[in-house]
There are 2 protein chains.
Amino acid sequence: MSPRNDEPRGIPAPTLRRFPAYLSQLFRLQEEGRDVVSSTHLGKRLMLDPVQVRKDLECTGLVGRPKVGHSVPKLIEAIESILGWNRVNEAFLVGAGNLGAALLGYPRFKQSGLDIVAAFDEAPEKVGSEIHGKTVLPLKKLANLTRRMGVKVGIIAVPADHAQAVADLMVEAGILAIWNFAPVTLRVPEEVIVQTEDLYSGLAILTQKLAVRLREEPSKGVRHAHE
Amino acid sequence: MSPRNDEPRGIPAPTLRRFPAYLSQLFRLQEEGRDVVSSTHLGKRLMLDPVQVRKDLECTGLVGRPKVGHSVPKLIEAIESILGWNRVNEAFLVGAGNLGAALLGYPRFKQSGLDIVAAFDEAPEKVGSEIHGKTVLPLKKLANLTRRMGVKVGIIAVPADHAQAVADLMVEAGILAIWNFAPVTLRVPEEVIVQTEDLYSGLAILTQKLAVRLREEPSKGVRHAHE
DNA sequence: TAGATTGTTAATCGATTAACAATC
DNA sequence: TAGATTGTTAATCGATTAACAATC
């Protein structure tokens with residue numbers, strides 16, 4: 001046994017990545033009026049091995065009851081607490097292009113610990129407009145506003161060749177965590193948290209698998225025009 | 001030694017995910033006129049351990065020359081071939097909302113094995129419009145066109161509660177690979193490739209780290225208004 | 001040559017999977 | 001009670017990291 005197993009630290013990244021999916025199922029279960037759930041059932045809904053579900057839930061520090069399962073509301077509370085989704089971090093987004101607009105319109109960020117309060121852009125024609133109710137401000141104002149409002153999270157949705165400059169700006173202004181959507185390796189001081197979402201990584205997996213499939217069974221690739 | 005180490009199969013997913021970043025650096029090196037590169041140098045640019053770079057490059061089947069390094073163009077060719085980025089797969093996108101529009105506008109998909117040729121949407125007001133030069137067609141036409149054109153890749157950019165229905169439609173129409181941007185677990189026949197990009201997973205990592213940081217050193221979270 | 005860089009082989013680390021006794 | 005489900009401990013698997021001889 002570890003000295004303190006109620007510590008919220010040391011949870012494996014793969015487990016953290018699965019937590020949002022657990023949460024979303026737990027909310028559904030709650031709506032269905034169910035108060036408890038077993039690892040087996042949760043696993044079926046998410047196509048995960050029940051043993052893995054149990055291991056993941058173990059990280060919450062909660063104990064389930066044999067033959068019964070886990071308390072749905074308690075699991076929700078515990079997971080939200082671990083992820084920090086029981087509070088809301090204000091965030092600034094830089095880059096009011098297509099991707100930026102999509103992020104501003106994302107539905108459930110506020111329930112996931114993130115409140116994008118404003119967007120910033122260099123382009124004069126975008127400045128002053130509103131996207132999904134969020135004002136687009138001139139990039140110049142980023143540093144000042146970040147400091148004044150104590151904003152801790154920055155989101156980068158600019159082209160790859162501008163990303164590092166924006167990151168530097170954010171760090172300089174005191175941002176603690178950067179959610180980066182540009183496919184670049186950002187250089188930041190080690191105390192700054194960076195989470196990069198790189199679409200090309202996922203695309204690489206997809207196209208590689210497809211290439212293997214098409215190479216192995218070329219027939220499968222060619223579909224007949226009329227069934 | 002394995003029976004055949006020139007097989008393109010069996011490359012670890014983490015390596016595949018890193019390949020696009022290697023590629024992008026390799027292109028930059030090429031532009032800079034460099035013909036060879038060492039693992040050390042590549043590693044520095046991407047903040048990766050040189051040993052890991054070597055292991056990754058080993059997967060290409062290429063051999064480098066001691067004291068010199070690897071041939072840049074050969075590496076590019078090999079990695080593109082493994083990822084299937086030396087050919088282009090036509091893809092249909094479903095969901096012409098914010099996210100869909102962002103994907104339609106993504107700059108380098110065509111150089112990454114993916115050509116989104118059309119978008120589909122249920123909403124009559126969107127149908128007929130053009131987004132980034134791509135026509136938005138009625139969802140009804142998806143199945144028919146997929147079969148007729150032999151399109152093999154489908155992209156799902158609809159809200160979570162519609163995703164499974166769209167996936168079913170795609171599978172029925174003969175789609176072989178699905179790039180899914182809805183945060184749901186899709187049920188598809190096992191021969192269909194699914195790659196889900198779930199923003200909430202990444203967000204979970206970010207907010208959890210931030211929560212830990214703020215809990216450990218609360219002072220760091222509060223910045224002074226005037227440095 | 002000497003030294004940088006390689007490919008290979010072994011050690012470490014961490015997550016998943018399996019096995020099983022405990023319990024409601 | 002019997003059986004489902006739990007938590008825990010051990011085995012497996014896979015990726016990263018380390019060590020080192022080979023080579024240009």
Side-chain angles (χ1 to χ4, degrees), chain A residues 1-7 9-19 21-22 25-26 29 34-72 74-75 78 82 201 204-205 208, chain B residues 1-7 9-19 21-22 25-26 29 34-72 74-75 78 82 201 204-205 208:
Chain A
M1 197 201 288
S2 48
R4 293 182 60 196
N5 62 5
D6 58 339
E7 296 204 30
R9 234 168 313 152
I11 298 173
T15 297
L16 290 173
R17 287 188 170 277
R18 283 187 289 269
F19 272 162
Y22 289 141
Q25 287 305 322
L26 288 167
L29 287 162
R34 300 191 52 169
D35 200 55
V36 300
V37 65
S38 73
S39 306
T40 317
H41 184 74
L42 213 44
K44 268 200 192 110
R45 291 202 176 206
L46 294 162
M47 301 208 298
L48 295 173
D49 189 302
V51 181
Q52 181 165 73
V53 175
R54 217 161 325 136
K55 262 280 192 280
D56 284 341
L57 298 190
E58 200 179 286
C59 294
T60 62
L62 293 175
V63 286
R65 290 207 320 216
K67 186 155 180 185
V68 179
H70 281 266
S71 152
V72 172
K74 278 186 185 167
L75 277 179
I82 289 170
S201 292
I205 302 269
Q208 190 266 352
Chain B
M1 197 200 289
S2 48
R4 293 182 59 195
N5 62 7
D6 59 338
E7 297 203 30
R9 233 167 314 150
I11 298 173
T15 297
L16 291 173
R17 287 188 171 277
R18 283 187 290 268
F19 272 162
Y22 289 140
Q25 287 305 323
L26 289 166
L29 287 162
R34 301 190 51 167
D35 199 55
V36 299
V37 65
S38 73
S39 307
T40 317
H41 184 74
L42 214 43
K44 268 200 192 109
R45 293 202 176 206
L46 294 163
M47 301 208 297
L48 294 173
D49 189 303
V51 180
Q52 180 164 74
V53 175
R54 219 163 322 139
K55 263 281 193 280
D56 284 341
L57 298 190
E58 201 179 285
C59 294
T60 62
L62 294 175
V63 287
R65 289 208 320 217
K67 188 157 179 184
V68 179
H70 281 267
S71 153
V72 172
K74 278 187 185 168
L75 277 180
I82 288 170
S201 292
I205 303 269
Q208 190 265 352

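Order of the sequence lines sets the chain letters (A, B, ...), proteins ahead of strands, with each chain counted from 1. Computed from a predicted structure; not experimentally measured.
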Quick check: do [X] and [Y] have side-chain heavy atoms less than 4.5 Å from each other?
| X | Y | value |
| --- | --- | --- |
| B/Leu57 | B/Arg54 | no |
| A/Pro12 | A/Cys59 | yes |
| A/Val37 | A/Leu75 | yes |

Partners passing side chain to side chain contact (heavy atoms under 4.5 Å, CB included) against B/Pro66 (at least two apart in sequence or in another chain):
none
A/Ala78: which residues meet the side chain to side chain contact (heavy atoms under 4.5 Å, CB included) condition with it, sequence neighbours left out?
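For A/Ala78, the residues satisfying side chain to side chain contact (heavy atoms under 4.5 Å, CB included) (neighbours in sequence not counted) are A/Thr60, A/Leu62.
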Applying side-chain hydrogen bond (donor to acceptor under 3.5 Å, both in side chains) to B/Ser201 and not counting sequence neighbours gives none
Here's a test for you: under side-chain hydrogen bond (donor to acceptor under 3.5 Å, both in side chains), which of A/Lys44, A/Arg45, A/His41 qualifies with A/Gln25?
A/Arg45
Would you tabulate the pairs of protein nitrogen or oxygen atoms and nucleotide nitrogen or oxygen atoms of nucleotides 15-18 of chain C closer than 3.5 angstrom?
| residue | atom | partner | partner atom | Å |
| --- | --- | --- | --- | --- |
| C/dT16 | OP1 | A/Arg18 | NH1 | 3.1 |
| C/dT16 | OP1 | A/Arg18 | NH2 | 3.2 |
| C/dT16 | OP2 | A/Arg18 | NH2 | 3.2 |
| C/dT16 | O5' | A/Gln52 | NE2 | 3.1 |

Pair A/Leu42-A/Leu29, side chain to side chain contact (heavy atoms under 4.5 Å, CB included): steps then yes or no:
CA-CA 10 Å; A/Leu42 213 44; A/Leu29 287 162; 4.0 Å; yes
Reading 5' to 3' through nucleotides 2-7 of chain C, protein heavy-atom contacts under 4.0 Å coded B for base, S for sugar-phosphate only, - for none
-B-BBB
Apply side chain to side chain contact (heavy atoms under 4.5 Å, CB included) to residues A/Tyr22 and A/Leu48 and explain how you reach the verdict.
CA-CA 10 Å; A/Tyr22 289 141; A/Leu48 295 173; 3.6 Å; yes
Can you name the nearest heavy-atom pair linking B/Gln208 to A/Ile82, along with the distance?
CG-O, 3.3 Å
Given the rule that a pair is Watson-Crick or G-U wobble with both distances under 3.5 Å, how would you write DNA chain D in dot-bracket, using | for pairs to a different strand?
..||||||||||||||||||||||
